[in-house]
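Some notes on the structure that comes next.
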Amino acid sequence: MDLTFLRHQLHQQIIDHPRMMQLVKLPEDNKRRVLKSWIQDSLIAHQSTLTKEQTEELSHDLENEILGLGPLEALLLDPTISDILVNGPKQIYVEKQGQLILHTATFDDAHHVKYTIDKIISPLGRRLDESHPMVDARLKDGSRLNAILPPLAINGPILSIRRFNHGQNIHFTQLINHHSLTKAMADLCSSYVEQGANILVSGGTGSGKTTFLNILASQIPTHERVITIEDAAELRIRHPHIVSLETKPANTEGEKEITGEQLLKNALRMRPNRILFGELRGREAWDLMQAMNTGHPGSMTTIHANSAQHALIRLEQLIVSFHDYSASKLNDQLKQTVDVVIHLERTSSGQRRVVSINELHPKKQSALVPLYYFNGSDFIRTSRQSKYHSLTSRIFL
């Protein structure tokens, strides 16, 4: 028997039945129990042609299709999976512990993938069709979704989900145990936060910038008011006084977008002690630099870059791209504004590591001063002295 055809047939029968209106009104806890009973009733007529294993498989698949996200449902429930990558209907990769693995689950066809994407984005007021062949969205748990349709995607609908685990509560201790940095480096980073240094965390995609920013932010003194601004609310900071703001994409008519720049300007009117900006990508870079210079020391942000030096170059390029400023004067101002650049990298084996901690010393010929770097096998402490002497002198003795 063609189980795929039978599943499609039963699926249609169940969702077309008038009693589905009853299911919608039930509490979430009862929905799956009631649906399972209906599915078992629908399978009675096919018992003679199905094995016990096939019956259980059909029942499970139908539950996930009707109440969940089909083949993705089990993957989204697995806390060890950090990324789900659907490369067309017959290929799903997942990332576990930094490694990409081809998963056994598949979709039936391209229509099945598109149906699942629509099921995710429709409640969010987003659409994916010929007129809007690309979409970015956020799931209820904060995970980020990107989807793209043919003809832009050659192999069928492509879906990428970057997971966000709310239960993840990482401290410096875990990073030390995973050899992502040393205790002396962690102490230095903590002292930067305590003393109100403006910190730029740089690194490539998946290098752990947001996780590291979370850890840094957890060191902020509890009496301070913190405002976070993000495209997708991923920061989960253990702090008693925090206000979280999130950008809003344009609607299907291309209107009502709220940008990070707009939220940042509004945040300055909300009496923050510190501002945490999830990731610098555009016009907001200049406003954040101004905020750091005008009464909000200790602010932090992240930026995509290949090195600490490249992070400063990218920051300068972002500002120059949107504002008419002299590059030389801007460079001098950035040296006076950013105090610390912490660069992270992710190895081919999935290991995430702090590969350099750098301070900006504006009066030195080479303003970017490395205090720690990773040489490929060990963390090396340079002979340079931190400008934050009061708390760091005890660290380096």
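Residues take their numbers from the sequence shown, with the count starting at 1. Below, all heavy atoms of this structure are taken into account, side chains as well, without hydrogens, waters or symmetry copies.
Under the 4.5 Å side-chain heavy-atom criterion for grouping Ile, Leu, Val, Met, Phe, Trp and Tyr, Leu145 is not connected to Tyr115 through any hydrophobic cluster. Tyr373 and Leu360 fall into different hydrophobic clusters, where Ile, Leu, Val, Met, Phe, Trp and Tyr side chains are chained together by heavy-atom contacts under 4.5 Å. Ile275 and Met270 end up in the same hydrophobic cluster when Ile, Leu, Val, Met, Phe, Trp and Tyr side chains are linked at under 4.5 Å. Side-chain heavy atoms closer than 4.5 Å link hydrophobic residues (I, L, V, M, F, W, Y) into clusters, and following such links, even through other members, never connects Ile319 to Ile313. Under the 4.5 Å side-chain heavy-atom criterion for Ile, Leu, Val, Met, Phe, Trp and Tyr, Leu85 and Val94 are members of distinct hydrophobic clusters.
Of the possible polar contacts, none joining the Glu316 side chain to the Leu334 backbone as a donor-acceptor pair under 3.5 Å is found. A donor-acceptor distance shorter than 3.5 angstrom exists from the side chain of Ser191 to the backbone of Leu188, with no hydrogens or angles considered. The main-chain N or O of Asn306 is found under 3.5 Å from a side-chain atom of His343 such that the two form a donor-acceptor pair. Counting only distance, with no hydrogens or angles, the side chain of Thr302 and the backbone of Lys209 share no donor-acceptor pair below 3.5 Å. The backbone N or O of Ala305 lies less than 3.5 Å from no partner atom in the side chain of His310, so there is not a single donor-acceptor pair. Put simply, the side chain of Asp378 never gets that close to the backbone of Ile380: no donor and acceptor are under 3.5 Å apart. Side-chain atoms of His103 come within 3.5 Å of backbone atoms of Ala105 as a donor-acceptor pair (strictly under, hydrogens ignored). With hydrogens and angles disregarded, no donor-acceptor distance shorter than 3.5 Å links the side chain of Thr247 to the backbone of Gly260. Judged by distance alone, with hydrogens and angles left aside, the side-chain atoms of Asn64 form no donor-acceptor pair with the main-chain N or O of Leu69 at under 3.5 Å. Side chain of His60 to backbone of Thr55: no donor-acceptor contact under 3.5 angstrom is found.
Within a 6.0 Å radius of NZ in Lys31, other residues, nucleotides and ligands contribute more than 12 heavy atoms. Atom NE2 of His111 has 12 or fewer neighbouring heavy atoms from other residues, nucleotides or ligands inside a 6.0 Å radius. For Gln99, the CD atom sits in a packed shell: over 12 heavy atoms of surrounding residues, nucleotides or ligands are nearer than 6.0 Å. Counting heavy-atom neighbours within 6.0 Å of Lys119 NZ, excluding the residue itself, gives a total above 12.
Contact check for Ile342 versus Cys189: side-chain heavy atoms found under the 4.5 Å cut-off. Using a 4.5 Å heavy-atom cutoff, the side chains of Leu181 and Tyr372 are not in contact. Ile176 is not listed as a side-chain neighbour of Thr182, based on a closest heavy-atom distance of 4.5 Å or more. By the 4.5 Å heavy-atom criterion applied to side chains, Leu175 and Ile215 are counted as neighbours. Taking 4.5 Å as the limit, some side-chain heavy atom of Leu72 sits within range of a side-chain heavy atom of Val86. Using a 4.5 Å heavy-atom cutoff, the side chains of Lys265 and Asp287 are in contact. Looking at Ile199 and Tyr192, their side chains come closer than 4.5 Å, going by heavy atoms from C-beta outward. The shortest side-chain heavy-atom distance between Arg283 and Ser321 does not fall under the 4.5 Å cut-off.
Atom-to-atom distance recorded for Ile229:CD1 and Leu245:CG is 5.5 Å, nearest 0.5 angstrom. Residue Thr51 holds its OG1 atom at 9.0 Å from CG of Leu58, rounded to the nearest 0.5 Å. Atom CG of residue Leu263 and atom CD1 of residue Ile227 lie 10.5 Å apart, to the nearest 0.5 angstrom. From Glu224, atom CD reaches atom CG of Asn273 across 5.0 Å, with rounding to the nearest 0.5 Å. For the atom pair CG of Asp2 and CZ of Arg7, the computed distance is 9.5 Å after rounding to the nearest 0.5 Å. From Ser307, atom OG reaches atom CG of Asn358 across 9.0 Å, with rounding to the nearest 0.5 Å.
Taking Ile148 as the reference, Met134, Leu152, Ala153, Ile158 meet the side-chain contact (heavy atoms from CB on, under 4.5 Å) condition, with sequence neighbours excluded. For the side-chain contact (heavy atoms from CB on, under 4.5 Å) test, no residue two or more places apart in sequence or in another chain qualifies with Thr104.
Taking both residues in full, the closest heavy atoms of Leu213 and Gly278 are given as CD2-O, 4.5 Å, listed atom of the first, atom of the second, then distance. For the pair Pro150 and Pro157, the tightest heavy-atom approach, listed with the atom from each and the gap, is CD-N, 3.8 Å.
Ion pair Asp118/Lys114 flagged as a salt bridge, since at least one NZ, NE, NH1 or NH2 atom sits closer than 4.0 Å to an Asp/Glu carboxylate oxygen. Asp136 has no carboxylate O lying under 4.0 Å from a charged side-chain N of Arg126, or vice versa, which leaves the two without a salt bridge. The pair Asp78-Lys96 meets the salt-bridge criterion, with a side-chain N (NZ, NE, NH1 or NH2) lying under 4.0 Å from an Asp/Glu carboxylate O. Taking the charged nitrogens against the carboxylate oxygens, Arg353 and Glu345 have no contact shorter than 4.0 Å, which rules out a salt bridge. Lys387 has a carboxylate O that lies under 4.0 Å from a charged side-chain N of Asp339, or vice versa, which qualifies the two as a salt bridge. For Arg281 and Glu279, the salt-bridge test passes: some basic side-chain N is under 4.0 Å from an acidic carboxylate O. Ion pair Arg32/Glu63 flagged as a salt bridge, since at least one NZ, NE, NH1 or NH2 atom sits closer than 4.0 Å to an Asp/Glu carboxylate oxygen.
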Using the rule given for side chain to side chain contact (heavy atoms under 4.5 Å, CB included), can you reason through Val338 versus Val341, listing the C-alpha separation, both sets of side-chain angles and the distance that settles it, and then say yes or no? CA-CA 8 Å; Val338 179; Val341 182; 4.1 Å; yes
Ser218/His171 under side chain to side chain donor-acceptor pair (under 3.5 Å): CA gap, chis, key distance, verdict: CA-CA 9 Å; Ser218 68; His171 306 263; 5.8 Å; no
Residues Ile84, Leu76; criterion side chain to side chain contact (heavy atoms under 4.5 Å, CB included); working and verdict: CA-CA 8 Å; Ile84 301 171; Leu76 289 168; 3.7 Å; yes
Before you tell me yes or no, could you show the steps for Asp109 and Lys90 under salt bridge (charged side-chain N to carboxylate O under 4.0 Å, His left out), namely the whole-Å CA-CA distance, both residues' side-chain angles and the distance that decides it to 0.1 Å? CA-CA 7 Å; Asp109 49 33; Lys90 299 302 179 182; over 6 Å; no
Verdict with supporting geometry, Gln317 and Val320, side chain to side chain contact (heavy atoms under 4.5 Å, CB included): CA-CA 5 Å; Gln317 288 173 338; Val320 171; 5.8 Å; no
Run the side chain to side chain contact (heavy atoms under 4.5 Å, CB included) check on Glu57 and Glu53 step by step: do they pass? CA-CA 6 Å; Glu57 180 184 344; Glu53 290 75 16; over 6 Å; no
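Counted by atom type alone, Gln262 and Thr259 present one or more donor-acceptor pairs between their side chains at under 3.5 Å. Donor-acceptor pairing under 3.5 Å is recorded for the side chains of Ser386 and Glu359. Defined by atom type and a distance below 3.5 Å, a donor-acceptor pair is missing between the side-chain atoms of Thr222 and His241. A side-chain donor-acceptor contact under 3.5 Å links Gln333 and Gln290. Between the side chains of Asn198 and Ser299, no donor N or O sits under 3.5 Å from an acceptor N or O. A side-chain donor from one of His112 and Glu65 sits under 3.5 Å from a side-chain acceptor of the other.
The aromatic ring centres of Phe379 and Phe374 sit less than 6.0 Å apart.
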